[in-house]
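Heads up: the structure comes next, in structure tokens.
Each chain gets a letter, A, B and so on, in the order the sequences are listed, and its residues count up from 1.
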Number of protein chains: 2
Amino acid sequence: MLNKKLQIIEISAKLIHSKGYEKTSIQDILQAAQIGKGQFYYYFSSKQDLGIEVVDYCFEKWNQRVIKGILESEADPKAKIEKMLACAIDVHTKNGSKCGCFFGNLAVELSEHNEIFREKTNKVFESWIHHLEIVLDELMRQEKLPLSCDSHALAQSIVAMLEGGIMLMKNRQDIAALITVSNVVKKMVCI
Amino acid sequence: MLNKKLQIIEISAKLIHSKGYEKTSIQDILQAAQIGKGQFYYYFSSKQDLGIEVVDYCFEKWNQRVIKGILESEADPKAKIEKMLACAIDVHTKNGSKCGCFFGNLAVELSEHNEIFREKTNKVFESWIHHLEIVLDELMRQEKLPLSCDSHALAQSIVAMLEGGIMLMKNRQDIAALITVSNVVKKMVCI
DNA sequence: TTCATTTTACCTACCGGTTGGTACAAAAAT
DNA sequence: ATTTTTGTACCAACCGGTAGGTAAAATGAA
């Protein structure tokens, strides 16, 4: 039953998001998913194998929601950026402002010592920056921005600002930190 | 010998910075510091006790260098911000662009589940934002900034940008990511 | 259809290794 | 002689992973 496997992945994603990859033990997953060890190792060959499937699954979900659903949609560039910011605030409000960014957490935890996870998280941010850059180009064509810098540097800085803002939010356990930087982003792009 | 204790703290700081708090085992520390377990537990009552002393030590070092040495110095506000950015780039260049921010890493790893470390890392960022805000106020008095927003929001956003930039740098293992956002920060404050 | 065989799906018990931490004696310094 | 310092042996708990077995379902031959 492939449904069961997906359920294990979704439960593992929540645990890894909250506790981190290394601190999430297989025992934690077995207990949360109410399964035995045999079932786990029937679907996944190792903990790392599960981790990779979890990251791929979350990337796909995020890609559908943010890239396809917002940045590549047929809306006005200003509206796209506003939607993107609102989406981030919405997600982290629902998470109680305390577990941070799934990909950012993994990038910080693993990228120095695990090349596979480093590449996977890196692709998320590269994709985000790339698609945001395209939207910024659209925006620049219809309006002059106060900051005269190339769109790639600006896109990268906005992503950095949001990721840093999410980190401050997690550290302070207060969504206000993210809202504050979100508003500064809006001013940077004249919204 | 208090010198030995300090040496253990410094070695532990490097290990924790690179591997994270949880993944740094006491065995790792014993091996790196060439000491026995008895000596370790003579100086520290527990791993968390060591961790607290390490964070306090690093906070003091960082405070001397960045807060006292740069942001509270008698220089021009523009020069202070430039020094601060150059300092960050210098530190992470020396670290090979791959271990990230000591406090940011700990904030991401621990702040959801360990209140003591959460408060300690939070104080670092609050202090940083506070002192940067004062410098931005100085700057605003002598020059109009392109972004019309209150200095606290701007200070918080700049810290977020740098922390996010450091994360992207770590994830990409390339100092260029931090340099890019650093240059955008300069443009935001008219340097 | 019926029976034998294989495959799928899953569980329990256990493995070697590592974790943070303790007990205690030996050694060194005072 | 006594206090400070340090090495060694050990502990229970936990880690990821494996071995070996079981029950059900799918498959094939008669």
Checklist outcome for this item: note: A/E22, atom CD; C/dT18, atom C1'; distance rounded to Å ~ 13 Å
Next on the checklist: On the nucleotide C/dC11, are OP1 or OP2 found under 4.0 Å from the side-chain N or O atoms that A/Y42 carries?
Outcome noted: no
Next on the checklist: So that I can tick it off, tell me whether A/R141 and A/D137 are bridged by a salt bridge, with the cut-off set at under 4.0 angstrom between side-chain N and carboxylate O.
Outcome noted: no
Checklist outcome for this item: When rounded to whole Å, the CD1 to P distance for the pair B/I29 and C/dG21 reads 11 Å
Checklist entry - Want to settle it: does A/G38 or A/D28 sit nearer the 5' end of DNA chain D, counting the closest nucleotide to each? => result A/D28
Checklist entry - Below 4.0 angstrom from OP1 or OP2 of C/dC11, is there any side-chain N or O of A/Q39? => result yes
Next on the checklist: From CD of A/Q34 over to P of C/dC11, roughly how many Å is that when rounded to an integer?
Outcome noted: 10 Å
Checklist entry - Can you check whether A/Y21 and A/F117 have ring centres sitting under 6.0 Å from each other? => result yes
Next on the checklist: Is the phosphate of C/dT18 approached by B/S25 (side-chain N or O, under 4.0 Å from OP1 or OP2)?
Outcome noted: no
Checklist entry - Could a donor-acceptor pair under 3.5 angstrom be found where the side chain of A/K37 meets the base of D/dG17? => result yes
Item to check | Length of the line joining A/Q48:CD and D/dG16:P, which is rounded to integer Å | outcome: 13 Å
Next on the checklist: What is the distance, to the nearest angstrom, from the OH atom on B/Y41 to the P atom on C/dT19?
Outcome noted: 12 Å
Item to check | B/Q27 side-chain proximity, nearest of C/dG21, C/dC11, C/dT19 | outcome: C/dT19
Item to check | Interatomic distance where CG belongs to A/L30 and C1' belongs to C/dA13 [whole Å] | outcome: 14 Å
Item to check | A/K19 NZ - D/dC14 C1' separation (whole Å) | outcome: 12 Å
Checklist outcome for this item: Rounded to the nearest 0.5 angstrom, the NZ-SG distance for A/K14 and A/C99 is 11.0 Å
Checklist entry - Over how many whole Å does the gap from B/K4 atom NZ to C/dA28 atom P extend? => result 15 Å
Item to check | Residues A/K4, A/Y42; criterion side-chain contact (heavy atoms from CB on, under 4.5 Å); working and verdict | outcome: CA-CA 11 Å; A/K4 193 72 190 175; A/Y42 176 76; over 6 Å; no
Item to check | With B/H131, the side-chain hydrogen bond (donor to acceptor under 3.5 Å, both in side chains) member among B/E126, B/K68, B/E72 | outcome: B/E72
Checklist entry - Touch check for A/F40, heavy atoms < 4.0 angstrom, all strands: base, sugar-phosphate only, or nothing? => result nothing
